[in-house]
Amino acid sequence: MQENDQEHFKRELGLLDGTMLVVGSMIGSGIFIVSADIARQVGSAGWLTLIWLLSGFITVVAAVSYGELSAMFPKAGGQYVYLKEAYNKLIAFLYGWSFFAVIQTGTIAAVGVAFSKFAAYLYEPLSDENILYELGAFKLNAAQLVSILTIIILTFINSRGVKNGKILQTVLTIIKILSLLGLVIFGLTLAAKASVWDANWADGWSTKTFDKESGSWLPISGTALISGISAAMVGSLFSSDAWNGVTFIAGEIKNPKRNVGLSLFLGTFIVTCLYVVTNLMYLAVIPFDEIATAKFDRVAVVASDYIFGNIGALIIAIMIMISTFACNNGLIMAGARVYYTMAKDGLFFKKAAVLNSSSVPAWALWAQCVWASALCLTGKYGDLLDFVIIIVLIFYILTIYGIFILRKKMPDVERPYKAFGYPFLPMVYIIVASAICVSLLITKFSTCGWGVLIMLTGIPVYYLTKPSE
């Protein structure tokens with residue numbers, strides 16, 4: 001049943017499209033903003049760079065580990081399928097449940113809101129301060145409407161066939177890569193100062209944290225440093241997330257046994273390099289204290305002001321709008337394929353398993369659109385990111401451990417591609433990601449605890465809705 005259904009999907013995506021989906025889904029607004037928070041948590045140029053390098057390294061390790069799974073199971077649903085094959089339907093359902101409840105839809109909402117915040121730079125009335133309607137504690141603002149509108153437009157484009165989404169994704173992502181590279185090159189050639197670079201690296205490895213109340217730096221070490229590093233990594237890991245989207249649409253990729261794994265490696269490697277050089281540009285252009293205290297954390301705006309003067313903020317606003325629009329296109333396209341595969345297993349609404357005349361799961365796309373739009377109205381985007389990152393990491397750990405399980409469980413299955421550095425590198429990922437999860441639960445229990453709770457509420461839902469075998 002499952003294999004035949006794959007034939008209804010049109011294999012229209014090549015290696016370039018797959019790589020651009022990975023890159024486009026990963027780069028949202030994080031690289032333009034997150035470095036300010038990381039700087040406040042760890043307090044030096046060396047540690048800021050190291051956090052981005054470490055996040056990039058474990059992301060690339062995870063991606064090349066997924067290559068083995070994507071070559072074994074080259075069909076729609078990606079990570080959901082891997083979890084089902086390695087463990088059981090319950091674990092796979094918990095992933096799908098969390099994916100629909102907060103992971104994908106929460107990320108789509110947060111990225112949509114980032115788009116609207118920067119659209120307000122170009123046209124003030126679009127800001128979240130423009131309240132359009134009030135009812136009790138509920139307030140509807142213009143930014144929420146803009147973010148919902150972008151989600152609806154992108155869902156519509158993707159419901160007309162994978163080709164439309166693919167063209168939009170590839171074009172916008174190439175523009176995004178070139179504009180980010182342009183920012184780095186202009187920054188290093190027009191605004192970089194040896195005095196700023198030297199000052200930022202003078203105590204490049206001292207560890208301190210920024211106290212907002214006193215406006216001063218406090219030295220940290222030991223457990224305070226560990227919690228600072230893990231808090232800092234939430235932002236950099238979130239900025240590097242969504243790389244696994246290409247596995248969800250494997251049913252539409254040409255030669256998936258080769259191209260999915262290769263797209264994962266190339267995409268995560270390109271983004272990691274871009275993120276690191278962008279941060280080195282920040283350190284060459286902006287004094288460290290200004291990175292940490294950037295208004296609204298908009299480090300890229302500060303850099304752009306140094307590089308381009310008064311129009312700097314405008315340039316960054318347009319870049320972030322293109323970036324977040326492409327990011328959401330990739331997220332929306334990929335997400336619906338997970339609900340489609342769950343519905344095929346009887347674990348989601350039956351209508352999600354139906355492909356429309358354009359060979360895409362339109363009902364699943366619109367269901368995702370409705371829930372992501374509802375999350376836009378909550379206004380709790382920062383909390384959503386904390387909810388999301390803990391669940392995402394837990395399922396990445398389970399999936400990568402699944403490689404070890406499947407090597408024992410299915411030793412004879414063809415593996416056109418094997419996890420790079422197995423068993424050492426996959427185990428390094430599991431240990432590092434587990435340490436970050438534990439640290440997050442200790443330091444951010446109020447939000448990360450909710451994330452784990454949302455995931456666990458899927459257990460009773462599974463047993464109440466499970467079809468009889």
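When a residue number appears, it is its place in the shown sequence, counting from 1.
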Taking only residues two or more places apart in sequence, or in another chain, which ones meet [X] in a side-chain contact (heavy atoms from CB on, under 4.5 Å)?
| X | result |
| --- | --- |
| Leu425 | Phe57, Val61, Phe420 |
| Leu132 | Asn130, Ala142, Leu145 |
| Leu225 | Thr207, Ile220, Ile229 |
| Lys193 | Ser195, Val196 |

Looking at residues at least two apart in the chain, or sitting in another chain, which of them share a side-chain hydrogen bond (donor to acceptor under 3.5 Å, both in side chains) with [X]?
| X | value |
| --- | --- |
| Asn200 | none |
| Gln368 | Tyr339 |
| Asp241 | Tyr396 |

If you compare all heavy atoms of [X] against all heavy atoms of [Y], which two are closest, and at what distance to 0.1 Å?
| X | Y | result |
| --- | --- | --- |
| Gly165 | Met333 | C-CE, 3.4 Å |
| Ile390 | Cys448 | CG2-O, 3.6 Å |
| Gly28 | Tyr275 | N-OH, 4.4 Å |
| Val246 | Ser263 | CG2-CB, 4.2 Å |
| Glu134 | Ile131 | CG-CG2, 3.7 Å |
| Ile316 | Ala300 | CG1-O, 3.5 Å |

Should we count [atom1] of [X] as having more than 12 external heavy atoms under 6.0 Å?
| X | atom1 | answer |
| --- | --- | --- |
| Asp198 | CG | yes |
| Phe308 | CZ | yes |
| Trp197 | CH2 | yes |
| Phe138 | CZ | yes |

Problem set entry | Ring-ring centroid check Phe348 Tyr80, cutoff 6.0 Å | no
Measuring from [X]:[atom1] to [Y]:[atom2], what's the distance to the nearest 0.5 Å?
| X | Y | atom1 | atom2 | answer |
| --- | --- | --- | --- | --- |
| Ile291 | Phe210 | CD1 | CZ | 13.0 Å |
| Leu172 | Met321 | CG | CE | 11.5 Å |
| Leu13 | Leu15 | CG | CG | 11.0 Å |
| Gln169 | Asn329 | CD | CG | 4.5 Å |
| Asn244 | Thr399 | CG | OG1 | 8.5 Å |
| Ser304 | Met319 | OG | CE | 8.0 Å |

For a 4.5 angstrom cut-off between non-hydrogen side-chain atoms, does [X] reach [Y]?
| X | Y | result |
| --- | --- | --- |
| Ile454 | Ser98 | no |
| Trp366 | Val370 | no |
| Trp52 | Ser239 | yes |
| Leu375 | Trp371 | yes |
| Val461 | Trp97 | yes |
| Ile249 | Val162 | no |
| Leu377 | Ile148 | yes |
| Ile322 | Phe118 | no |

Problem set entry | Salt bridge present between Lys166 and Glu252 (N-O < 4.0 angstrom) | no
Would you check if the side chain of [X] reaches a backbone N or O of [Y] as a donor-acceptor pair within less than 3.5 Å?
| X | Y | value |
| --- | --- | --- |
| Thr268 | Val60 | no |
| Ser70 | Gly67 | yes |
| Lys176 | Ser323 | yes |
| Tyr429 | Ser65 | no |
| Gln41 | Ile38 | no |
| Ser227 | Ala224 | yes |
| Thr341 | Ala76 | yes |
| Asp211 | Leu218 | no |
| Ser358 | Val360 | no |
| Arg11 | Ile253 | yes |

For this session: Please name the residue in the list Tyr66, Phe238, Phe269, Phe265 that meets the ring-ring contact (aromatic ring centres under 6.0 Å, His included) test with Trp243.
Result: Tyr66
For this session: Before giving the answer on side-chain contact (heavy atoms from CB on, under 4.5 Å), spell out for Leu283 and Phe288 the whole-Å C-alpha distance, their side-chain angles and the decisive distance to 0.1 Å.
Result: CA-CA 7 Å; Leu283 289 166; Phe288 194 81; 4.0 Å; yes
Problem set entry | Test side-chain contact (heavy atoms from CB on, under 4.5 Å) applied to Leu183 and Ile307, step by step | CA-CA 9 Å; Leu183 186 70; Ile307 302 164; 4.1 Å; yes
Problem set entry | Aromatic ring pairing Phe99/Phe248, orientation class (parallel under 30°, perpendicular over 60°, tilted between) | perpendicular
Problem set entry | For Tyr306, ring-ring contact (aromatic ring centres under 6.0 Å, His included) partners two or more places apart | none
Exercise. By ring-ring contact (aromatic ring centres under 6.0 Å, His included), which residues pair with Phe156, not counting sequence neighbours?
Worked result: none
For this session: Sort and list the pairs that fulfil salt bridge (Lys or Arg N to Asp or Glu O under 4.0 Å) and have at least one residue in residues 32-50, not counting sequence neighbours.
Result: Asp37-Arg40, Arg40-Asp297
Exercise. Is the closest side-chain donor-acceptor distance between Asn279 and Thr49 under 3.5 Å?
Worked result: no
Ignoring hydrogens and angles, write down the donor-acceptor pairs under 3.5 Å from the side chains of residues 100-114, residues two or more places apart or on other chains.
residue: Gln104; atom: NE2; partner: Leu331; partner atom: O; Å: 2.8
residue: Thr105; atom: OG1; partner: Phe100; partner atom: O; Å: 2.6
residue: Thr105; atom: OG1; partner: Ala101; partner atom: O; Å: 3.3
residue: Thr107; atom: OG1; partner: Ile103; partner atom: O; Å: 2.5

Exercise. Taking only residues two or more places apart in sequence, or in another chain, which ones meet Asp203 in a salt bridge (charged side-chain N to carboxylate O under 4.0 Å, His left out)?
Worked result: Lys208
